[in-house]
Amino acid sequence: MTRADKKNEQPICTVKLDRFTLTAAGSPPKQISGFKRVKGFRPRPQGKIPTYSRVQTFCSTSNSARLSLQYKPVMPWLEDLRFTLIADDNDGLTLDQVESVLAQCSRHKPSMVELACDFGRGSVVNRRFVLQHAKFGKSQRRNDRGGGTNLRYGSRKSPKLVRAYDKEAVACFRVELEIHSPLLRKYGIGTGFELGRLAGMLVPAHFQFVGVRWDKLRVYLAKKFGQQEGERIVEEARERAESSVHTATRYLSRRGVANVHRFVSPLRLNRRLQKAIQCWAKKFPVDEEMVVKTK
């Protein structure tokens with residue numbers, strides 16, 4: 001490959017800020033820099049507990065990003081305002097768009113951050129690869145959610161929710177990490193000026209690709225169960241690993257393999273993933289001065 005080819009080579013993975021939700025005190029702003037107001041309305045009740053009685057929607061003046069502003073809280077424990085930014089598919093949310101919203105708040109608190117990890121068509125990452133190799137911390141796959149070919153791990157009530165699906169709009173396979181407030185608090189991310197700190201916290205703790213060390217596992221099982229029984233367990237585990245690494249490790253645990261994770265090792269692809277997250281974080285540098293002012 002020539003230097004020119006390397007320069008034009010598309011990255012295996014790109015990371016974007018796809019959604020961002022924050023709550024704040026105060027009155028709803030009449031104007032927000034970089035956005036134009038589309039409409040205001042009374043939302044239909046959703047869920048068992050009503051939240052806000054009014055909504056204003058905005059669209060970006062530079063791309064297709066959108067902003068939803070909920071205000072007039074119904075329940076007394078809710079903050080005055082809740083902003084939800086939704087990214088343009090190609091650009092993701094930009095620093096300017098986020099800071100335009102933060103500028104409306106004397107104090108605020110992030111409640112949800114969603115990062116989209118996009119793997120191009122030329123990469124090995126697809127639905128089957130995610131099933132066979134992806135681990136999202138302790139989050140387990142939800143067979144009752146997702147639908148069709150979409151994959152889903154965790155839930156809205158857990159520290160994070162993961163979705164994995166084919167994203168035709170940007171010709172990639174997308175893995176979305178929806179990070180909720182308990183996880184944000186755990187890592188000390190208390191303002192929108194600290195989003196870049198997520199770069200060092202997600203891989204490998206909450207997202208990584210792994211493979212089973214079959215040779216090491218085979219030796220262990222032969223010593224513990226004997227050659228014949230050990231080999232049978234390996235083959236059963238291999239068969240399950242074809243459909244899901246989670247299924248294979250659960251099977252091994254049930255068969256009496258202690259600390260199954262010692263037989264699982266990270267793939268080199270994690271380096272590319274981590275590099276992509278770090279590249280994204282450079283676009284959202286931590287502003288220590290604003291962190292102090294807005295906390």
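This structure is a prediction, so every number in the text was calculated from the model and none was measured.
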- Task: Please name the pair of heavy atoms, one in Val162 and one in Leu177, separated by the smallest distance, quoted to 0.1 Å.
- Result: CG2-CD2, 3.7 Å
- Is the CD atom of Glu236 crowded by more than 12 outside heavy atoms at less than 6.0 Å? yes
- Query: Linking I/L/V/M/F/W/Y whenever any side-chain heavy atoms sit under 4.5 Å apart, do Leu273 and Val124 land together?
  - Reply: yes
- Item | Short side-chain to backbone donor-acceptor contact, Lys16 and Asp89, under 3.5 Å | yes
- Message: Quick check: closest heavy atoms across Asp80 and Ala25, and the distance to 0.1 Å?
- Response: OD2-CA, 3.5 Å
- After noting the C-alpha distance and the side-chain angles of Arg19 and Glu178, does the key distance pass the side chain to side chain contact (heavy atoms under 4.5 Å, CB included) rule? CA-CA 8 Å; Arg19 283 193 302 156; Glu178 183 179 301; 2.6 Å; yes
- Shortest non-hydrogen pair, Pro285 vs Leu95, comes out as CD-CD2, 4.4 Å
- So how far is it from Leu85 CG to Leu22 CG, rounded to the nearest 0.5 Å? 7.5 Å
- Can you get from Ile86 to Val101 by hopping between Ile, Leu, Val, Met, Phe, Trp and Tyr side chains that sit under 4.5 Å apart? no
- Item | Worked check of salt bridge (charged side-chain N to carboxylate O under 4.0 Å, His left out) between Glu79 and Arg107 | CA-CA 11 Å; Glu79 284 283 10; Arg107 63 177 179 83; 3.3 Å; yes
- Query: Under 4.5 Å between any side-chain heavy atoms of Arg141 and Asn143, yes or no?
  - Reply: yes
- Message: Against Ile233, only a single residue in Arg238, Arg255, Lys224 fulfils side-chain contact (heavy atoms from CB on, under 4.5 Å); can you say which?
- Response: Arg255
- Verdict with supporting geometry, Leu269 and Ile12, side chain to side chain contact (heavy atoms under 4.5 Å, CB included): CA-CA 9 Å; Leu269 183 58; Ile12 289 177; 4.1 Å; yes
- Task: Determine whether Asn63 and Gln97 make a side-chain contact, defined as any pair of heavy atoms from C-beta on separated by less than 4.5 Å.
- Result: yes
- Neighbour count above 12 (heavy atom, 6.0 Å) for Arg213 CZ: no
- Atom CG of Leu102 and atom OG1 of Thr294: how far apart are they, to the nearest 0.5 Å? 7.5 Å
- Message: Quick check: do Val245 and Leu131 have side-chain heavy atoms less than 4.5 Å from each other?
- Response: no
- Message: If I take atom OG from residue Ser111 and atom CZ from residue Arg82, how far apart are they, to the nearest 0.5 angstrom?
- Response: 6.5 Å
- Message: Tell me which pairs pass ring-ring contact (aromatic ring centres under 6.0 Å, His included) where either residue lies in residues 199-253, with sequence neighbours left out.
- Response: Phe119-Phe209, Phe129-Phe209, Phe136-Phe207, Tyr153-His246, Tyr187-His206, Phe207-Phe209, Tyr220-Phe263
- Message: If I take atom NZ from residue Lys72 and atom OG from residue Ser27, how far apart are they, to the nearest 0.5 angstrom?
- Response: 10.5 Å
- Message: Using the rule given for side chain to side chain donor-acceptor pair (under 3.5 Å), can you reason through Glu194 versus Thr191, listing the C-alpha separation, both sets of side-chain angles and the distance that settles it, and then say yes or no?
- Response: CA-CA 6 Å; Glu194 300 169 270; Thr191 75; 3.0 Å; yes
- Query: How long is the gap from CZ on Arg156 to CE on Met112, to the nearest 0.5 Å?
  - Reply: 8.5 Å
- Task: Would you indicate whether Glu235, at its atom CD, is surrounded by more than 12 heavy atoms from other residues, nucleotides or ligands within a distance under 6.0 Å?
- Result: yes
- Message: Looking only at side-chain N and O atoms, does Arg218 offer a donor or acceptor that is under 3.5 Å from a partner on Gln227?
- Response: no
- Message: Please check this pair: side chain of Thr247 against backbone of Arg240, looking for a donor-acceptor N/O pair closer than 3.5 Å.
- Response: no
- Query: For Ala24, does its backbone N or O pair with a side-chain atom of His108 as donor and acceptor, under 3.5 Å?
  - Reply: no
- Are the side chains of Val210 and Ser265 in touch, meaning some heavy atoms are under 4.5 Å apart? no
- Message: Is there a side chain to side chain contact (heavy atoms under 4.5 Å, CB included) between Val170 and Arg174? Walk through the geometry before answering.
- Response: CA-CA 9 Å; Val170 288; Arg174 172 168 288 189; 4.1 Å; yes
- Message: For Lys135, I'd like to know if atom NZ has over 12 heavy atoms of other residues, nucleotides or ligands within 6.0 Å.
- Response: yes
- Message: Does Glu229, at its CD atom, have more than 12 non-hydrogen atoms belonging to other residues, nucleotides or ligands within less than 6.0 Å?
- Response: yes
- Query: Under the 3.5 angstrom rule, does the side chain of Gln208 hit a backbone N or O of Val203 as a donor-acceptor pair?
  - Reply: no
- State, with a plain yes or no, whether a side-chain heavy atom of Leu115 is found less than 4.5 Å away from one of Asp18. no
- Query: Are any of the side-chain heavy atoms of Thr61 and Phe35 separated by less than 4.5 Å?
  - Reply: no
- Message: Between Arg262 (side chain only) and Ala258 (backbone N and O only), is there a donor and an acceptor less than 3.5 Å apart?
- Response: yes
- Item | Single-linkage hydrophobic cluster, 4.5 Å side-chain cutoff, Val55 and Phe58 together | no
- Message: Counting only heavy atoms not in Lys167 (residues, nucleotides, ligands), do more than 12 fall under 6.0 Å from its NZ?
- Response: yes
- Heavy-atom side-chain contact between Leu17 and Val98 under 4.5 Å: yes
- Message: Just checking Glu288: does its CD atom have more than 12 heavy atoms from other residues, nucleotides or ligands closer to it than 6.0 angstrom?
- Response: yes
- Message: Could you see if Phe83 belongs to whatever hydrophobic cluster contains Leu78? Use Ile, Leu, Val, Met, Phe, Trp, Tyr and a side-chain cutoff under 4.5 Å.
- Response: no
- Distance-only, no hydrogens or angles: does the Arg66 side chain make a donor-acceptor pair with backbone N or O of Cys59 under 3.5 Å? no
- Message: Between Thr84 (side chain only) and Thr21 (backbone N and O only), is there a donor and an acceptor less than 3.5 Å apart?
- Response: no
- Task: Mind checking the CZ-CZ spacing from Phe173 to Arg121? Nearest 0.5 Å is all I need.
- Result: 9.5 Å
- Message: Which heavy atom of Val74 sits nearest to which heavy atom of Pro50, and what is that distance?
- Response: CG1-CG, 3.9 Å
- Message: For a 4.5 angstrom cut-off between non-hydrogen side-chain atoms, does Asn150 reach Arg163?
- Response: no
- Closest non-hydrogen atoms of Phe284 and Leu195, given as atom of the first, atom of the second and distance, are CD2-CD1, 4.2 Å
- Message: Quick check against the 3.5 Å criterion: does Asn270 have a side-chain atom that pairs as donor or acceptor with the backbone of Leu267?
- Response: yes
- Query: Is the CZ atom of Arg271 crowded by more than 12 outside heavy atoms at less than 6.0 Å?
  - Reply: no
- Query: Which atoms form the tightest heavy-atom contact between Val212 and Leu217, and what is the distance?
  - Reply: CG1-CD2, 4.3 Å
- Query: If Ile, Leu, Val, Met, Phe, Trp and Tyr residues are connected whenever their side-chain heavy atoms lie under 4.5 Å apart, and connections chain through other members, are Ile32 and Tyr52 in the same group?
  - Reply: no
- Query: Quick one: do Asp166 and Arg127 make a salt bridge, cutoff under 4.0 Å?
  - Reply: no
- Task: Apply side chain to side chain contact (heavy atoms under 4.5 Å, CB included) to the pair Leu69 and Thr57, showing each step before the final yes or no.
- Result: CA-CA 6 Å; Leu69 167 59; Thr57 58; over 6 Å; no
- Give a yes or no answer on whether the side chain of Ser158 reaches the backbone of Gly154 with a donor-acceptor pair at less than 3.5 Å. no
